[in-house]
A.B. asks: 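Please read through the structure below; I'll follow up with questions.
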Amino acid sequence: MQLLGYGLAGIFRKYLVESPYMWWPSNIINVSLFRTLHKTDKRAKGGLSRLQFCLIVLVSSFAYYIFPGYFFQSLSCLSVLCWIWKDSVTVQQIGSGIHGLGIASFAFHWNTVSGFLGSPLAYPVSSIISAMVGFFLVVYVLLPATYYTNLYEARRFPFMSAETFDSSGHSHNISRALDEKTFTLDAAAYSDYSKLYLSGFFAFTYGLSFANLSSTISHVALFHGK
């Protein structure tokens, strides 16, 4: 996947890398950090230098993160609905922030808050809104529709999971489909055992990842084609 991304970036280098219009917001943060660490600047009277401000943010971030990240990890996902209806599978699928849609759940963990985008501090509002719209359509429209209509037997597998499964809904035992001597795929054993199945969530994740790469070609064609 990464090689495909780098390959497309190289093929369309003129449009995606060298073009002054194709600036990458996340790189600006790295440039600012490196500049802070290596450049000596004068501190205004009564103010802070860039390095002092960077150190204050670093210490503050560590002090904040250590609670949801180490001491009290449940702060990463507080699912209110799951507390109320603890024995309902449907409510767990709807309200769980880890294995479900996360409705009525909240978090104090920065990675949880910004997980759908990476860092909302680095990107312009238009990009954030675009990502949120796509996230909403996939997670709250397509995924529930796929699961609750049992499309491709989706209900046989967990609502959200990044694991692989066999036809019975258990974790796929890859060793049963491999030749023990050469560690290559044994087509006959694979056919006798089970096909490889993905949860609806994981299938969408894979499909959209490839669509994301293909959109590079579409972008160049639509905005730079003649």
Side-chain angles (χ1 to χ4, degrees), residues 1-39 50 54 61 101-102 109-147 151-152 154 157-165 172 174 177-179 182-187 190-191 195-226:
M1 185 73 70
Q2 296 295 330
L3 292 177
L4 285 173
Y6 281 117
L8 289 173
I11 293 173
F12 299 111
R13 178 183 177 87
K14 177 180 178 181
Y15 306 105
L16 300 178
V17 180
E18 297 176 350
S19 173
Y21 298 101
M22 299 302 292
W23 59 283
W24 304 96
S26 58
N27 290 338
I28 296 177
I29 295 179
N30 295 331
V31 171
S32 179
L33 175 62
F34 296 146
R35 184 179 179 183
T36 298
L37 295 176
H38 295 284
K39 184 178 180 180
R50 294 171 64 94
C54 180
S61 299
L101 298 177
H109 197 304
W110 178 249
N111 289 340
T112 304
V113 175
S114 61
F116 77 100
L117 186 62
S119 175
L121 300 178
Y123 299 95
V125 176
S126 58
S127 297
I128 296 175
I129 294 176
S130 177
M132 290 184 68
V133 171
F135 179 84
F136 181 87
L137 289 175
V138 172
V139 175
Y140 294 107
V141 178
L142 294 179
L143 182 58
T146 300
Y147 184 83
L151 185 64
Y152 294 109
F157 314 108
F159 189 78
M160 278 194 178
S161 175
E163 297 183 13
T164 55
F165 302 93
H172 195 278
I174 190 63
L178 292 179
D179 188 314
T182 61
F183 292 101
T184 57
L185 179 66
D186 186 334
Y190 176 78
S191 179
K195 295 180 180 179
L196 187 67
Y197 291 89
L198 306 176
S199 66
F201 166 78
F202 203 25
F204 276 119
T205 301
Y206 255 112
L208 292 174
S209 296
F210 285 108
N212 186 33
L213 294 175
S214 301
S215 67
T216 305
I217 301 175
S218 302
H219 174 87
V220 173
L222 292 174
F223 291 92
H224 302 281
K226 294 183 180 180

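Heads up: numbering here begins at 1 and tracks the sequence.
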A.B. asks: Any side-chain heavy-atom pair from Met160 and Val139 closer than 4.5 angstrom?
C.D. replies: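 Yes, at least one pair of side-chain atoms sits under 4.5 Å.
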A.B. asks: Could you work out, with side chain to side chain donor-acceptor pair (under 3.5 Å) as the rule, every residue matching Thr182, not counting sequence neighbours?
C.D. replies: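 For Thr182 the side chain to side chain donor-acceptor pair (under 3.5 Å) partners, ignoring immediate neighbours, are Thr184.
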A.B. asks: Identify, with sequence neighbours excluded, every residue that meets side-chain contact (heavy atoms from CB on, under 4.5 Å) alongside Leu222.
C.D. replies: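 Per chain and number, Leu222 pairs via side-chain contact (heavy atoms from CB on, under 4.5 Å) with no residue.
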A.B. asks: Is the ring pair Phe34/His38 parallel, tilted or perpendicular, if the boundaries are 30 and 60 degrees?
C.D. replies: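 Tilted, since the angle between the ring planes falls between 30° and 60°.
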A.B. asks: Just jot down the ring-ring contact (aromatic ring centres under 6.0 Å, His included) partners of Tyr197, sequence neighbours excluded, or say none.
C.D. replies: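 Tyr197 satisfies ring-ring contact (aromatic ring centres under 6.0 Å, His included) with Phe157 once adjacent residues are dropped.
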A.B. asks: List, one per line, each side-chain donor-acceptor pair under 3.5 Å for residues 126-136, sequence neighbours excluded.
C.D. replies:
none

A.B. asks: Just to verify, what does Arg35 make a side chain to side chain donor-acceptor pair (under 3.5 Å) with, not counting sequence neighbours?
C.D. replies: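 By the side chain to side chain donor-acceptor pair (under 3.5 Å) rule, Arg35 matches no residue at all.
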A.B. asks: With Ser214, which residues qualify under side-chain contact (heavy atoms from CB on, under 4.5 Å), at least two apart?
C.D. replies: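 Partners of Ser214 by the side-chain contact (heavy atoms from CB on, under 4.5 Å) criterion come out as none, since no residue qualifies.
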A.B. asks: When rounded to the nearest 0.5 angstrom, what is the spacing between OG1 in Thr164 and CZ in Phe202?
C.D. replies: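 Output value for this atom pair is 8.0 Å.
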A.B. asks: Any chance you could measure Leu198, atom CG, to Thr205, atom OG1, to the nearest 0.5 Å?
C.D. replies: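 One finds 9.5 Å between CG of Leu198 and OG1 of Thr205.
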A.B. asks: Answer yes or no: does atom OH of Tyr152 have more than 12 heavy-atom neighbours from other residues, nucleotides or ligands under 6.0 Å?
C.D. replies: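 No, OH of Tyr152 has 12 or fewer neighbouring heavy atoms, counting only those of other groups under 6.0 Å.
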A.B. asks: Among residues at least two apart in sequence or on other chains, which ones pass side-chain contact (heavy atoms from CB on, under 4.5 Å) with Leu33?
C.D. replies: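 Checked Leu33 against side-chain contact (heavy atoms from CB on, under 4.5 Å); matches are Leu37, Cys54.
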A.B. asks: Starting at OG of Ser199, measure out to CG of Leu143 and round the result to the nearest 0.5 Å.
C.D. replies: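 One finds 8.0 Å between OG of Ser199 and CG of Leu143.
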A.B. asks: Work out which heavy atom in Phe165 is nearest to a heavy atom in Pro158; give both atom names and the distance.
C.D. replies: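 In this case the closest contact between Phe165 and Pro158 is CZ-CD, 3.3 Å.
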A.B. asks: With sequence neighbours excluded, what pairs up with Phe183 under the side-chain contact (heavy atoms from CB on, under 4.5 Å) test?
C.D. replies: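 Partners of Phe183 by the side-chain contact (heavy atoms from CB on, under 4.5 Å) criterion come out as none, since no residue qualifies.
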A.B. asks: Which residues pass the ring-ring contact (aromatic ring centres under 6.0 Å, His included) test with Phe201, not counting sequence neighbours?
C.D. replies: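 Phe201 satisfies ring-ring contact (aromatic ring centres under 6.0 Å, His included) with no residue once adjacent residues are dropped.
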A.B. asks: Mind checking side chain to side chain donor-acceptor pair (under 3.5 Å) for Ser32 and listing every partner two or more places apart, or none if nothing turns up?
C.D. replies: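 Per chain and number, Ser32 pairs via side chain to side chain donor-acceptor pair (under 3.5 Å) with Arg50.
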A.B. asks: If you compare all heavy atoms of Tyr190 against all heavy atoms of Leu196, which two are closest, and at what distance to 0.1 Å?
C.D. replies: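 Scanning both residues, the minimum pair turns out to be OH-N, 3.0 Å.
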